[in-house]
Amino acid sequence: EALEPATQFNQALAEAAHNEVLAGIEESFVTLMLERAPDLYDAPAFRDWDVAEHRRILAAIRDSEPELAAARMREHIIAIGEHYKRVGAF
């Protein structure tokens, strides 16, 4: 349930970009993370961090800065991987 807003955000990005690859990756990623780290998104500190990250990405999109948005998304993906490693999901 706590994962749903993050999933909706990422799906909206994939749809807005008309990026079927990103949409497919997101779907696979969510399934995997629900299996491996179901409690991560229930942690308030993680959820707050994730929302702040999404806001940074959205701000770059809103400001018509696609390179910055892409860079922030790449940073977010790398950082989220580190969070999952810390909880033993990878």
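Side-chain atoms of H83 and D50 form no donor-acceptor pair, as typed in the model, at a separation below 3.5 Å.
Residues satisfying the side-chain contact (heavy atoms from CB on, under 4.5 Å) criterion with R55, sequence neighbours excluded, are V51. In this structure F9 satisfies the ring-ring contact (aromatic ring centres under 6.0 Å, His included) test together with H54, sequence neighbours excluded.
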Show me, pair by pair, the donor-acceptor contacts under 3.5 angstrom made by side chains of residues 18-27, not counting sequence neighbours?
from : atom 1 : to  : atom 2 : distance (Å)
N19  : OD1    : V21 : N      : 3.1
N19  : OD1    : L22 : N      : 2.8
E26  : OE1    : N10 : ND2    : 3.3

Per-pair distances, 0.1 Å, donor-acceptor, side chain in residues 59-73, under 3.5 Å, sequence neighbours excluded:
from : atom 1 : to  : atom 2 : distance (Å)
R72  : NH1    : R56 : O      : 2.6

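Cluster annotation: L58 and I77 are assigned to the same hydrophobic cluster (Ile/Leu/Val/Met/Phe/Trp/Tyr, side-chain heavy-atom contacts under 4.5 Å, transitive).
Separating the CG atom in L32 from the OH atom in Y84 is a distance of 8.5 Å, to the nearest 0.5 Å. Atom NE2 of H76 is separated from atom CD1 of I78 by 11.5 Å, given to the nearest 0.5 angstrom.
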Query raised in the report: Step by step, would you call I80 with F46 a side-chain contact (heavy atoms from CB on, under 4.5 Å)?
Result: CA-CA 10 Å; I80 219 150; F46 176 80; 4.0 Å; yes
